[in-house]
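Reckoned from all heavy atoms, side chains included, excluding hydrogens, waters and symmetry mates. Fair warning: this is a prediction, and the values are worked out from it, not measured in the lab. In the text below, chain A, chain B and the rest are named by the order of the sequence lines, each starting its count at 1.
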Amino acid sequence: MSAWTTAIEAKWQAKWYAARINEAERDERPKFMIIFAYPGLTGYLHVGHMRGYTYVDAIARYKRMCGYNVLFPVGTHATGNGAISLAKRIKERDPKTIEYLLANGCPEDVIPHLTEPMDVVNFFNEVYQNQYWRRFGFLADWRRFTSTTNPDYGKFIQWQFRKLNDAGLLIQKPYFAPACVECGPVAIDASETDLSKGGSAETTEYTLLKFRCGDLFLVAATLRPETVYGQTNFWVNPEVEYVKVRRGDETWVISRPSYEKMSYQKDGLELIGTVKGSELIGKEAVAPVIHRPIPVLPAAFAKPDVGTGLVTSVPSDAPDDWMALLLLRENEEAMARYGLDPEKVRAIRPIPIIDTKGYGPMPAVEMIEKMGITDGNDPRLEEAKKQIYKDGFHTGRMNETCAEFAGLRVDEAKELIKKMMIDAGEAEVFYDLSEEVVCRCGKPVVIKKVPDQWFIDYGNPALTEATKAHCRSMHILPPEFYTNVQGILDWFRERACVRQGNWLGTPFPFDPKWIIEAISDSTLYPIYYTISHYHNTGLLKLEQMTEEFFDLVFLGEGTVPDVAAATGIEPGLLRRIREDVLYFYPLDINLGGKEHMTVHFPAFLKNHVAVLPSELWPRGIFVNWYVTGKLGKISKSKGGAEPIPDAAGRFGVDALRLYYAHIAAPFADVEWDEGNIESYSSRMERVMRTVEELKGLKGKERSVIDQWLISRMNNRAGNIAAAMDDYDLRRMANEAYFETLADVRWYIRRGGNNADTAARVLSMWVRMMAPITPHIAEEMWEGMGQKGFVSIAPYPEPMVDEIDRPAEVAEEYLADVMSDINEILRVTGISPKRIMLYTAPEWKREVHSIALEMAAEGSLTVPGLTKAVMSRDGLKRRGKEAADFARKTAEDLMKRSEAEKKRLSVKLDELSYLTGSSAFLSKEVGAPVEVYSADDDSAPDPQKKARAAGPRRPAIYVE
RNA sequence: GCGGGGGUAGUCAAGCCGGACAACGACGCGGGACUUAAGAUCCCGUCCUUAGUGGUUCGUGGGUUCGAAUCCCUCCCCCCGCACCA
């Protein structure tokens, strides 16, 4: 199988591309443009990535067969440091990296040539196109391929940023970002591409509180600025040597590590001396906001590398503070050592500041008592702190102690109090990382101030509203995302759009020391595909891609003669490009993985709305979920990490494509399991065998079953068309590979043998399959003697007048009867010698049809039906028997759905249908089947079973 | 914390704008046909019970309804995103 599939895959791909059916040129047909969000070039991809890409090709193929002029371009996203870091590791001959490359099929002799970032980019651009996308038979327009580090792409991005600037959406302000002290900006993310340690660290924002103490300022760092009204004392670690730092006119006391970190965030800090913690103890410091002197007391829990190493004490709400106070009170020796007055220490009382549901006025005091904590090193202190903070922050309100903030919710008060203190010069902000982060180079990563960072102002209210309004008219899948995108667009704020440091990408047009970062240069790009081939094929030169050129072709601004004169581009070419843009744009579908929901898609949407006229705004988004490994991420040890070309060779591309399309809804993760692909592979074999059987049918005679199959095929076509309105490939695959196969098998089993029927069905069936399993479909199409590619044949449309409801109902009826016979045989264990069927007597059918009529007009009730039945002489004669049957019929029918009632209303001559099918039934059950009417008094009926016969439910007697 | 998704029979997985549901389908398992045999293939079955009937099911506990896997509420348990990372 696999050798054969590999051969036909190569054969048809070569033919398609030679015939250029994958290339899109403007013509008279309606257009359809679809992309997948291009992948970041970070190395080899795995079989999971092919899921979304395959959806795109299958949808594109379907639309093409439906008569659309389909534009399906592809590209790659090389911006960032993925290629840089990979090249670096290859240069260093990092063993893991080399092993990874070899395992993915990288030729050994190529590796030495992958030591420069752009070599890596160029190499993987080839890998993605040839080993993944062409290997899967994608009908993408390869001429339009682009990559974000290409110079022409850069021209486009620079133009985009000029337009953003024109729209007033570029702003500049200070920003605090993680950076290696050596290498510059780094990204802190779990995959640790830039890091050797600390990928899960978070940036925390401390509020620095300044306490005047003589001519010094003791500077405490807090995460809870709203608690300043509850301050009772100040904590200093007596064992630590703090530093004195000049900050403007002030002299600050902070820990040495915090000074080092702070020096990356605040300008002009100057180290001017040191001071021992123990020297400060016993002094008083004036607390901010409350402006009261509070005593400076010793505490071992103040760590120099957390915050500033100095802590303000709020014992009412901070368990650490209350615990330390309790311990100090008892510690006569320490108080004596630091010359503290025990009376004064013991006089310190927590000050209630927050009313929290479920707590008294002093949660920390309460919590420590309740948990019975008596030791300052008890790990439960941390737990208590978290719990109190969580409850206080979300359910608490500031009490009357808190001046103008009294009554506010804690989460509101926090921001307000912080702002008030900063405005009053009593506080500043300081950022730190929640855990140690180390750069790949081995140096520490700190939060560094970037004074002149550029942002895209996605928070712009007019932009947000316009985008939200437009989204309501878009086709966004899944429906949950259609709803959620509204909230995401609100939440999507200003975003840093450039960075410095070791980074591939396009220089920022207004200041080339900056490089446009990865999210920001991948938002408007689908429109670039409408023109990229003009540069790729040499018709458009790099230097001709000027601002006026883009203004003209994308925005319709300026005139052709002016732009032609300014750029030297042929006026005819300019017009052609402009018309291409207007023809292919807007984008009909942008498909991307679920990771894009809160980052790429909102940026994609807002950039379109910001830069382009409304008629070019996108029409659809499709979000797909992942293929995962057994335990979360796909991995080599757990399976699934096998290279894409290897999987294609082993299972066959079409089996994989069918797997992606059918294994689950696109909006759920699936677990990679080779057994699944094997079963799709054998499904394809069954389909092909059945196709062969159909081709072998030579009969001329038409029977009910022919009508039935044609009717079914048209139903299938209708179902697929309906499914594909929502791009539901799974339903399409279900119809084409499961339902249709079952229908055809039933046809053959029923003795269907008509060459015309077979030919018609085959033609429809193979076309139905072409979008998902195109190679095998082409092979079958050719085998049927068809001319041309099935890939560009018209997709089957349902012919309504060929749908034969009675024929389908009759077959369902027959199948029901068979299943009843089988049930009886199974339950009784009888090996039948003969089987008798008795169809319902005339009078029961009459009752049934009266009931159906009443049901149709909504008047069916048990007494109603009984009355109607009794009003007919012929039925009334039967007395109780008729009344009982009427009751049963009415009860049964009332439980049925509308659709079911309709089905029962379809006329069916049971007796003749069963009689006509008795040979088939006999063959199936392995015993002669005789069919009688219950009205036939001469029929043999040893056990009087005929009495049980009902409409659509013949009585059965097995001998 | 904020925001989002999900829990369906042995496994995977449809259904989820209420009604054809004991619940599509696949895999697994059991039986039969075919075959010298195995495999493949084709049929039948696979919650309990049963001459084709009936009963109990869709994380938990309630509720709405003539009727709920599908709608509402409680609780329990999993998963994902949160920004310079594509």
Residue met sooner reading RNA chain B from 5', once A:S819 and A:T42 are mapped to nucleotides: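 Its nucleotide being nearer the 5' end, the pick is A:S819.
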First encountered from the 5' end of RNA chain B, between A:N484 and A:L41: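 Taking each residue's closest nucleotide, the earlier one in sequence belongs to A:N484.
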Could you measure between the two [atom1] atoms, the one in [N] and the one in [M], and give it in whole Å?
| N | M | atom1 | result |
| --- | --- | --- | --- |
| B:G32 | B:A37 | P | 13 Å |
| B:G45 | B:A38 | C1' | 24 Å |
| B:G19 | B:A68 | C1' | 10 Å |
| B:G5 | B:G39 | C1' | 44 Å |
| B:U64 | B:A69 | P | 16 Å |
| B:G3 | B:U56 | C1' | 39 Å |
| B:A26 | B:U65 | C1' | 35 Å |
| B:C12 | B:A20 | C1' | 26 Å |

Heavy-atom pair of closest approach, residues A:K594 and A:V623: CA-CG1, 3.5 Å
Residue-level proximity of residues 593-606 of chain A to RNA chain B when a heavy atom falls under 4.0 Å: A:E595, A:T598, A:V599
Rounded to the nearest Å, what distance is computed from the [atom1] atom of residue [X] to the [atom2] atom of nucleotide [N]?
| X | N | atom1 | atom2 | value |
| --- | --- | --- | --- | --- |
| A:I748 | B:U41 | CD1 | C1' | 13 Å |
| A:H662 | B:A26 | NE2 | C1' | 8 Å |
| A:D820 | B:U53 | CG | P | 6 Å |
| A:F492 | B:G3 | CZ | P | 18 Å |
| A:E205 | B:G1 | CD | P | 20 Å |
| A:I821 | B:C43 | CD1 | P | 18 Å |
| A:Y626 | B:C80 | OH | P | 11 Å |
| A:M688 | B:U41 | CE | C1' | 14 Å |

A:K448 atom NZ: more than 12 heavy-atom contacts under 6.0 Å: no
Within 6.0 Å of NZ in A:K888, more than 12 heavy atoms from elsewhere: no
B:G5 base stacked by A:F667 (centroids within less than 5.5 Å, tilt under 30°):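 Stack criterion not met.
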Touch class at under 4.0 angstrom, heavy-atom based, for A:P479 against every strand present: nothing
Touch class at under 4.0 angstrom, heavy-atom based, for A:E480 against every strand present: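 Result for A:E480 = sugar-phosphate.
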Should the pair [X] and [Y] be assigned to parallel (<30°), tilted (30 to 60°) or perpendicular (>60°) ring geometry?
| X | Y | result |
| --- | --- | --- |
| A:Y132 | A:Y128 | tilted |
| A:Y53 | A:H49 | parallel |
| A:F508 | A:F161 | perpendicular |

Please report whether the ring centroid of [Y] lies less than 6.0 Å from that of [X].
| X | Y | value |
| --- | --- | --- |
| A:Y525 | A:Y38 | yes |
| A:H662 | A:F738 | yes |
| A:F455 | A:W514 | no |
| A:Y659 | A:W672 | yes |

CG on A:L837 to CG on A:L921, rounded to 0.5 Å: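 Going from the CG atom of A:L921 to the CG atom of A:L837 covers 6.5 Å.
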Straight-line distance of A:S831 OG to A:L825 CG, nearest 0.5 Å: 8.5 Å
Dot-bracket encoding of pairs in RNA chain B, which uses [ ] for pseudoknotted crossings and | for another strand, Watson-Crick or G-U under 3.5 angstrom: ((((((((.[[[..)...(.....]]]((((((.......))))))((.....))...[.[[[..)....]]].])))))))....
Measure all distances between protein nitrogen or oxygen atoms and nitrogen or oxygen atoms of nucleotides 13-20 of chain B, and list the pairs falling under 3.5 Å.
from: B:A13; atom 1: O2'; to: A:R730; atom 2: NH2; distance (Å): 3.4
from: B:A14; atom 1: OP1; to: A:A665; atom 2: N; distance (Å): 2.8

Closest nucleotide among B:C43, B:A86, B:A26 to the A:F738 side chain: B:A26
Selected nucleotide, minimal atom distance to A:I519 side chain, candidates B:G52, B:A86, B:C82: B:A86
Any residue meeting salt bridge (charged side-chain N to carboxylate O under 4.0 Å, His left out) with A:R730, in chain and number order, not counting sequence neighbours: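 Expected list: none.
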Under-4.0 Å salt bridge between A:K513 and A:D452: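 Here A:K513 pairs with A:D452 in a salt bridge, since their nearest N and O are under 4.0 Å apart.
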Under 3.5 Å side-chain donor-acceptor pair for A:E517 and A:S520: yes
Give me, pair by pair, the N or O atoms of the protein and of nucleotides 47-51 of chain B that are less than 3.5 Å apart, along with how far apart they are.
from: B:U50; atom 1: O4; to: A:R826; atom 2: NH2; distance (Å): 3.2
from: B:A51; atom 1: N6; to: A:V958; atom 2: O; distance (Å): 3.3
from: B:A51; atom 1: N1; to: A:V958; atom 2: N; distance (Å): 3.2

Under 3.5 Å, which donor-acceptor pairs do the side chains of residues 945-952 of chain A form with other protein atoms, sequence neighbours left out?
from: A:R952; atom 1: NH1; to: A:R903; atom 2: O; distance (Å): 3.3
from: A:R952; atom 1: NH2; to: A:L904; atom 2: O; distance (Å): 3.3
from: A:R952; atom 1: NH2; to: A:V906; atom 2: O; distance (Å): 2.4

